Amino acid sequence: MMKHTSLTTEQMACVYAWLAQMFSRERDGEGLAQLQSSEMTEWFTVLKGEPSLEADVLLLEAKIAALKVREDATLELAADFCSLFLMSDNHAAFPYASAHLEEGPNYGVIKQLLSDAGMQVSDTFSESADHLAIFIELLSHLHFSLGEPGVSRHRIDALRRETLAGLLRWLPEFTAKCRRYDDFGFYGALSQLLLAFVRLDHQN
């Protein structure tokens with residue numbers, strides 16, 4: 001049965017854009033301040049209106065609150081990002097589809113989806129095309145497109161569903177590793193919220 005969300009396509013697009021930013025690079029002092037801002041609190045309130053997201057948003061809010069009393073929070077959070085996503089050891093959660101799918105690198109799939117959506121990977125983004133942030137940014141773009149007049153909603157929605165299906169082939173494993181290896185728990189909570197959000201989108 002198809003479920004409906006109270007979130008608009010534009011709100012979904014904005015959340016995806018934020019999540020793509022969060023997984024693409026470390027947070028600096030300004031980024032940390034944004035996380036703790038009243039604007040983010042308002043966004044989290046909107047997301048908690050979705051029953052399937054409430055528990056995960058509450059967990060993330062608790063981790064953000066804990067950052068306020070964490071010594072050298074900006075440096076420590078950056079270290080968490082590097083050890084989880086950039087270090088090549090067994091206690092990592094690599095944010096690449098090819099790290100979790102048995103058939104190995106398959107950049108053609110995401111590149112074709114990007115091409116079909118009229119997008120391409122920016123030259124300023126140094127990661128490979130199967131990076132998690134690319135999938136999420138594509139979903140943001142597709143949701144924004146669904147709200148624009150004069151577009152083929154059927155074609156855009158088909159791309160959205162294909163992107164979600166491809167992402168869900170490996171996102172649960174990525175999330176499990178984030179939760180297992182992130183001792184502080186911020187990125188574990190963030191990835192858990194992302195997975196819940198993607199599943200909510202996939203049900204619609």
Side-chain angles (χ1 to χ4, degrees), residues 7-48 50 53 56-57 59-61 63-65 67-68 73-86 92-97 99 110 113-114 117-147 160 163-164 166-167 170-171 174-175 177-179 182 184-201:
L7 299 170
T8 67
T9 56
E10 185 176 0
Q11 286 174 326
M12 297 282 284
C14 289
V15 174
Y16 274 130
W18 173 70
L19 287 165
Q21 182 185 67
M22 294 298 297
F23 282 105
S24 65
R25 60 184 181 275
E26 307 97 321
R27 299 294 88 199
D28 56 16
E30 184 179 343
L32 186 57
Q34 182 191 46
L35 276 176
Q36 299 167 341
S37 68
S38 58
E39 288 81 8
M40 283 307 307
T41 300
E42 291 172 6
W43 262 111
F44 289 147
T45 299
V46 171
L47 293 180
K48 283 185 289 189
E50 279 293 327
L53 301 179
D56 295 315
V57 175
L59 176 61
L60 183 60
E61 285 183 310
K63 297 303 179 182
I64 292 172
L67 283 169
K68 293 182 179 180
T74 303
L75 289 174
E76 290 297 327
L77 197 60
D80 293 344
F81 184 97
C82 290
S83 63
L84 266 176
F85 305 137
L86 303 177
F94 296 123
Y96 308 99
I110 184 62
L113 286 168
L114 289 168
M119 297 178 69
Q120 62 182 15
V121 180
S122 170
D123 292 337
T124 61
F125 190 65
S126 59
E127 300 288 353
S128 64
D130 68 334
H131 192 283
L132 175 62
I134 300 295
F135 282 85
I136 309 173
E137 190 65 44
L138 174 56
L139 286 167
S140 175
H141 172 81
L142 292 171
H143 275 278
F144 274 124
S145 297
L146 283 170
R160 178 189 70 90
T163 303
L164 287 166
L167 182 55
W170 60 279
L171 187 60
F174 167 80
T175 300
K177 288 184 175 180
C178 281
R179 295 179 62 191
D182 180 16
F184 180 75
F186 172 80
Y187 285 104
L190 187 69
S191 64
Q192 197 167 310
L193 175 59
L194 169 62
L195 179 59
F197 193 72
V198 168
R199 283 174 169 162
L200 173 68
D201 193 7

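As the structure is a prediction and not an experimental result, all values here were calculated from the model. Side-chain atoms are counted along with the backbone in the values below, which use heavy atoms only and exclude waters and symmetry mates.
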Checklist entry - Cys178 versus Phe85: any side-chain heavy-atom pair under 4.5 Å? => result yes

Can you give the donor-acceptor pairs under 3.5 Å from side chains of residues 73-81 to other protein atoms, not counting sequence neighbours?
residue : atom : partner : partner atom : Å
Asp80   : OD2  : Arg70   : NH1          : 2.9
Asp80   : OD2  : Arg70   : NH2          : 3.2

Next on the checklist: side chain to side chain contact (heavy atoms under 4.5 Å, CB included) for Ser191 and Phe23? Distances and angles first, verdict last.
Outcome noted: CA-CA 9 Å; Ser191 64; Phe23 282 105; 4.1 Å; yes

Checklist outcome for this item: Nearest heavy-atom approach of Ala189 to Leu59 is CB-CG, 3.8 Å

Checklist outcome for this item: Here the salt bridge (Lys or Arg N to Asp or Glu O under 4.0 Å) pairs for residues 22-35, sequence neighbours left out, are none

Checklist entry - Which heavy atom in Ala20 sits nearest to a heavy atom in Glu137, and how many Å separate them? => result CB-OE1, 3.5 Å

Item to check | Evaluation steps, side chain to side chain contact (heavy atoms under 4.5 Å, CB included), between Val57 and Trp43 | outcome: CA-CA 10 Å; Val57 175; Trp43 262 111; over 6 Å; no

Checklist entry - Do Leu132 and Leu194 come within less than 4.5 Å of each other through their side chains, counting heavy atoms only? => result yes

Item to check | Pairing residues for Lys63 by the salt bridge (Lys or Arg N to Asp or Glu O under 4.0 Å) criterion, not counting sequence neighbours | outcome: none

Checklist entry - What distance separates Arg199 CZ from Leu53 CG, expressed to the nearest 0.5 Å? => result 12.0 Å

Checklist entry - At their closest point, which heavy atom of Pro95 faces which heavy atom of Phe174, and how far apart are they? => result CA-CE1, 3.7 Å

Next on the checklist: Can you list everything that forms a salt bridge (Lys or Arg N to Asp or Glu O under 4.0 Å) with Asp201? Sequence neighbours excluded, please.
Outcome noted: Arg160

Checklist entry - Nearest 0.5 Å, what's the CG-CG distance between Leu195 and Leu200? => result 11.5 Å

Item to check | Minimum-distance pair of heavy atoms, taken over all atoms of Lys177 and Ala93 | outcome: CB-CB, 3.7 Å

Item to check | Tyr16: partners by ring pair (Phe, Tyr, Trp, His ring centres under 6.0 Å), with sequence neighbours left out | outcome: His143, Phe197

Checklist entry - Would you say Leu142 and Leu138 make side-chain contact, with heavy atoms under 4.5 Å? => result yes

Next on the checklist: Taking side chain to side chain donor-acceptor pair (under 3.5 Å) as the definition, give me every residue that meets it alongside Arg179, ordered by chain and number, with sequence neighbours left out.
Outcome noted: Gln192

Item to check | Nearest non-hydrogen partners of Met40 and Gln34, listed with the distance | outcome: CG-O, 2.8 Å

Checklist entry - For Thr45, what residues pass the side chain to side chain donor-acceptor pair (under 3.5 Å) criterion, not counting sequence neighbours? => result none

Checklist entry - Do Leu139 and Leu167 have side-chain heavy atoms sitting under 4.5 Å apart? => result yes

Checklist entry - Rounded to the nearest 0.5 Å, what separation is found between the CZ atom of Phe184 and the OG atom of Ser83? => result 13.0 Å

Checklist entry - Of the non-hydrogen atoms in Leu7 and Leu47, which two are nearest, and what is the gap between them? => result CD1-CD2, 4.1 Å

Next on the checklist: Within the 4.5 Å heavy-atom criterion, are Phe186 and Leu35 side-chain neighbours or not?
Outcome noted: yes

Next on the checklist: I want to check something: taking the side chain as every heavy atom from C-beta on, are Phe44 and Leu60 in contact at a cut-off of under 4.5 Å?
Outcome noted: yes

